Amino acid sequence: SQQGEEDPQALSIQEGENATMNCSYKTSINNLQWYRQNSGRGLVHLILIRSNEREKHSGRLRVTLDTSKKSSSLLITASRAADTASYFCATGNDMRFGAGTRLTVKP
Amino acid sequence: NAGVTQTPKFRVLKTGQSMTLLCAQDMNHEYMYWYRQDPGMGLRLIHYSVGEGTTAKGEVPDGYNVSRLKKQNFLLGLESAAPSQTSVYFCASSYSGELFFGEGSRLTVL
C-alpha cells in the first residue's frame, strides 16, 4: 500500500492569488484523489484523477498527474478566504493520506 | 439521506476503560474505513473493510479491534483505552473511489 505526501506543509496567500500544492507517492496507482478539510471537520472529496489522465478540471480546481514522476498537483485559481483549509491527497486501495497542506487565504 | 453517521460524537474515558465507536452508512457502500487524526496531522488508517464480514489492518491497528457484521455498520473497539488513544476518529465509506466521511468522534482518555 502507499501514502501520498503533500508539499508544502503550509501555504499562505492573498485572496485572488493562485495556490498550488503537490503530492508525491511511491508506487503505481489506479487513481489519486484530493480532499479538503475545514477545521477538524470530516474530509470532503474534491476530485479524482485516474492513472490514464494527465489533467482534470473542476470549477476553480485543476489537478495534474505525472505518473512518470509519481506526483500530482492541485491548483486553486482566484483563491477566496473560504478556501482556507487543509488539503490532502490519497492513493491506494486502502486509501492512505499524507499530512496535508494547510492553506491560509488572507482577505 | 444521512450518509455516514458516527456515534458518539464526544466521549471521555478513563485509562483502562473500554468503548465502541459506531459508524453507520446508508449508501450501500462496500468499503469502510476508520482513521484517527491527531492535532496538526493527517489521517492515519487504523483498520478498513472491503465488505461485510471482512476486516484488514491499516497503519496503526494496535490497541483497536473492528467488526463488520452488517454491511452498513463498521464498529471500532478500544478494549483498554490509553491516553495515547486521545484523538479524533473519522469513519469513511466508499463504493469505488470517492470516500464519504463522517463528522468525527472526539475521544479523550484521561
Side-chain angles (χ1 to χ4, degrees), chain A residues 1-11 21-26 29-53 56 58 61 63 65 72 74 84-104, chain B residues 2-7 9-10 21 23-25 27 29-51 54-61 66 68 74 86-108:
Chain A
S1 54
Q2 55 202 302
Q3 178 177 7
E5 293 291 342
E6 297 86 353
D7 172 66
Q9 291 185 345
L11 181 61
M21 53 205 85
N22 305 295
C23 171
S24 59
Y25 57 92
K26 294 181 179 177
I29 60 171
N30 293 322
N31 64 70
L32 183 143
Q33 302 181 42
W34 284 93
Y35 289 80
R36 183 183 74 196
Q37 184 182 36
N38 289 92
S39 189
R41 303 289 299 276
L43 277 68
V44 174
H45 181 263
L46 294 176
I47 198 164
L48 180 153
I49 186 165
R50 301 190 188 283
S51 59
N52 61 353
E53 297 175 311
K56 201 164 182 179
S58 177
L61 305 180
V63 169
L65 179 64
S72 173
L74 170 67
T84 294
S86 292
Y87 293 82
F88 299 88
C89 65
T91 63
N93 290 333
D94 56 359
M95 293 301 290
R96 298 193 183 195
F97 290 80
T101 293
R102 174 68 188 169
L103 173 65
T104 302
Chain B
V4 178
T5 303
Q6 294 182 227
T7 54
K9 291 184 171 49
F10 301 93
L21 295 174
C23 178
Q25 52 96 1
M27 296 172 283
H29 285 169
E30 291 291 339
Y31 300 88
M32 296 188 74
Y33 307 80
W34 274 108
Y35 296 89
R36 61 176 288 174
Q37 184 176 35
D38 299 302
M41 297 182 66
L43 276 70
R44 290 185 291 169
L45 180 65
I46 304 172
H47 288 280
Y48 65 104
S49 169
V50 299
T54 72
T55 63
K57 294 181 180 179
E59 302 169 80
V60 289
V66 288
R68 183 95 182 270
F74 195 28
T86 293
S87 190
V88 180
Y89 292 84
F90 288 98
C91 176
S93 72
S94 75
Y95 175 70
S96 177
E98 177 183 350
L99 290 179
F100 293 81
F101 280 83
E103 285 300 309
S105 297
R106 186 174 297 275
L107 174 66
T108 301

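Quantities reported herein were computed from a predicted structural model and do not represent experimental measurements.
Interatomic distance, CG of A:Leu43 versus CG of B:Leu99, reported as 8.5 Å (0.5 Å rounding). In this structure, the separation between CZ on B:Phe101 and CZ on A:Arg41 is 13.5 Å, given to the nearest 0.5 Å. Summarising the geometry, atom OG belonging to B:Ser94 is positioned 8.0 Å from atom CD belonging to A:Gln33; distances are rounded to the nearest 0.5 Å. Once rounded to the nearest 0.5 Å, the distance linking CE of A:Met95 with OH of B:Tyr48 reads 12.0 Å.
Heavy-atom contacts from other residues, nucleotides or ligands closer than 6.0 Å to CD of B:Glu30 number more than 12.
Contacts of B:Tyr89 classified as side-chain hydrogen bond (donor to acceptor under 3.5 Å, both in side chains), with partners at least two apart in sequence or in another chain: B:Tyr64. Taking the side-chain hydrogen bond (donor to acceptor under 3.5 Å, both in side chains) definition, one finds that B:Gln6 meets it with B:Ser105, sequence neighbours left out.
No part of B:Phe100 comes within reach of chain A, as not one of its non-hydrogen atoms sits under 4.5 angstrom from that chain. A:Glu6 does not touch chain B: none of its heavy atoms, backbone or side chain, sits under 4.5 Å away.
B:Gln37 has its side chain out of reach of A:Phe97: every pair of non-hydrogen atoms, C-beta onward, lies at least 4.5 Å apart.
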